[in-house]
Amino acid sequence: MSKDTIADIITSIRNADMDKKRTARIASTNITENIIKILLREGFIENVRKHRENKKYFLVLTLRHRRNQKGTYRNILKCISRPGLRIYSNYKRIPRILGGIGIVILSTSRGIMTDREARLKRIGGEILCYIW
């Protein structure tokens, strides 16, 4: 585990998706729980459950699979901000991913939210990642 928890989440989900695994396991923190709630609400993952092991909590994610085919959905997750370079944006300049099909996850003064929510509330923040 590195110090960048957001990159760890994205890497774990991407690796499980590429390896065609049904589940992914990540460490549970407040930031990871908020990001996973957004992914669950937007339909990128199917289910989440909290698991305790040796006094540590983990989130077990069930990845979304195609119904008729054997492979998983090919979600593309891209980390934007990192500890050495933070990327901030006001609400007018938040990028639209694939014309609004993808989502941008932001960390704002009112919590972690998607680009649509941030535009509606007219607040900007740190751009954490892109998902499409």
Side-chain angles (χ1 to χ4, degrees):
M1 284 283 224
S2 68
K3 299 285 182 182
D4 192 6
T5 57
I6 297 161
D8 288 341
I9 296 169
I10 292 172
T11 303
S12 297
I13 294 172
R14 188 183 312 123
N15 288 345
D17 190 35
M18 286 173 43
D19 205 20
K20 296 183 181 175
K21 290 188 177 180
R22 181 91 171 126
T23 61
R25 186 179 140 204
I26 59 172
S28 177
T29 63
N30 289 336
I31 294 172
T32 58
E33 287 181 13
N34 289 330
I35 292 174
I36 296 304
K37 283 178 188 175
I38 290 174
L39 293 177
L40 184 64
R41 186 178 60 216
E42 296 289 329
F44 289 102
I45 57 176
E46 260 183 40
N47 193 12
V48 179
R49 63 183 168 90
K50 204 168 193 177
H51 178 69
R52 183 177 176 179
E53 185 176 307
N54 296 334
K55 298 182 182 179
K56 291 183 180 179
Y57 286 97
F58 294 96
L59 295 174
V60 179
L61 312 175
T62 305
L63 300 178
R64 189 167 189 157
H65 281 259
R66 294 182 184 142
R67 294 195 175 154
N68 297 331
Q69 299 173 354
K70 293 182 181 179
T72 58
Y73 283 107
R74 288 292 170 199
N75 296 327
I76 298 177
L77 298 106
K78 185 175 181 185
C79 195
I80 303 302
S81 283
R82 56 183 200 258
L85 179 65
R86 305 286 186 188
I87 307 295
Y88 296 96
S89 176
N90 63 7
Y91 76 95
K92 293 177 183 176
R93 294 183 183 227
I94 297 172
R96 293 185 192 272
I97 306 302
L98 293 178
I101 295 173
I103 62 170
V104 177
I105 297 180
L106 294 118
S107 176
T108 66
S109 59
R110 296 185 190 160
I112 295 176
M113 60 181 68
T114 64
D115 56 336
R116 291 179 216 117
E117 295 169 349
R119 282 189 197 98
L120 286 174
K121 293 180 181 180
R122 294 181 171 235
I123 53 175
E126 179 184 355
I127 299 175
L128 300 177
C129 60
Y130 297 155
I131 301 170
W132 68 92

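What you see is a predicted model, and the numbers here were worked out from it, not measured in a lab.
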*Asks:* Give, for atom CG of L59 and atom CD1 of I9, the distance between the pair rounded to the nearest 0.5 Å.
*Replies:*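 CD1 of I9 is found 8.5 Å from CG of L59.
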
*Asks:* Out of I131, V104, L106, I38, which one pairs with T114 under the side chain to side chain contact (heavy atoms under 4.5 Å, CB included) rule?
*Replies:*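 Passing option: I38.
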
*Asks:* Any ion pair linking R110 and E117 (charged N to carboxylate O, less than 4.0 Å)?
*Replies:*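 Salt bridge: no.
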
*Asks:* Here's a test for you: under side chain to side chain contact (heavy atoms under 4.5 Å, CB included), which of L120, I127, I94, I97 qualifies with D115?
*Replies:*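 Among L120, I127, I94, I97, the one that satisfies the side chain to side chain contact (heavy atoms under 4.5 Å, CB included) with D115 is I94.
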
*Asks:* Atom CD1 of I105 and atom CD of E126: how far apart are they, to the nearest 0.5 Å?
*Replies:* 12.5 Å

*Asks:* Quick one: NE2 on H51 to CZ on R25, what's the gap to the nearest 0.5 Å?
*Replies:*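 The NE2 atom of H51 sits 6.5 Å away from the CZ atom of R25.
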
*Asks:* Do K3 and P83 come within less than 4.5 Å of each other through their side chains, counting heavy atoms only?
*Replies:*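 They are not in contact (no side-chain heavy atoms under 4.5 Å apart), so the answer is no.
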
*Asks:* Write down the atom of C129, the atom of I10, and the distance for their closest heavy-atom approach.
*Replies:*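 Minimum heavy-atom contact is CB-CD1, 3.5 Å.
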
*Asks:* So, the side chain of R22 versus the backbone of L63: is there a donor-acceptor pair under 3.5 Å, distance only?
*Replies:* yes

*Asks:* Report the distance from atom CG of L40 to atom CG of N47, rounding to the nearest 0.5 Å.
*Replies:*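 Result: 7.0 Å between the selected atoms.
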
*Asks:* Considering non-hydrogen atoms only, spot the tightest contact between Y91 and A118 and give its length.
*Replies:* CB-O, 4.1 Å

*Asks:* Check whether more than 12 heavy atoms from other residues, nucleotides or ligands sit under 6.0 Å from atom CZ of R41, and answer yes or no.
*Replies:* yes

*Asks:* F44 vs I103, test: side-chain contact (heavy atoms from CB on, under 4.5 Å). Steps then yes/no.
*Replies:* CA-CA 10 Å; F44 289 102; I103 62 170; 3.8 Å; yes

*Asks:* If you round to the nearest 0.5 Å, how far is CE of M113 from CZ of R119?
*Replies:*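 These two atoms lie 12.5 Å from each other.
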
*Asks:* Calculate, to the nearest 0.5 Å, the distance between atoms CD1 and CD1 belonging to I26 and I36 respectively.
*Replies:*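 The distance works out to 4.0 Å.
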
*Asks:* Check step by step if side-chain contact (heavy atoms from CB on, under 4.5 Å) holds for I31 and I112.
*Replies:* CA-CA 8 Å; I31 294 172; I112 295 176; 3.9 Å; yes

*Asks:* Is it possible for you to say whether W132 and I87 belong to one hydrophobic cluster, with membership spreading through side-chain heavy-atom contacts below 4.5 Å?
*Replies:*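 Yes; tracing contacts between hydrophobic side chains, which count when under 4.5 Å, links both residues.
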
*Asks:* With hydrophobic residues grouped by side-chain heavy-atom distances under 4.5 Å, do I123 and I35 end up in a single group?
*Replies:*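 Shared cluster, no.
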
*Asks:* Shortest non-hydrogen contact from T108 to G124?
*Replies:* CG2-O, 3.5 Å

*Asks:* Please tell me whether I76 and I80 are part of a single hydrophobic cluster in this structure, the criterion being side-chain heavy atoms less than 4.5 Å apart.
*Replies:* yes

*Asks:* Would you say the side chain of R82 lies within less than 4.5 Å of the side chain of L85, judging by non-hydrogen atoms?
*Replies:*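 In short, these two side chains touch, coming nearer than 4.5 Å.
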
*Asks:* Could you tell me which non-hydrogen atom of A24 sits nearest to which non-hydrogen atom of S12, and how far apart they are?
*Replies:* CB-O, 4.2 Å

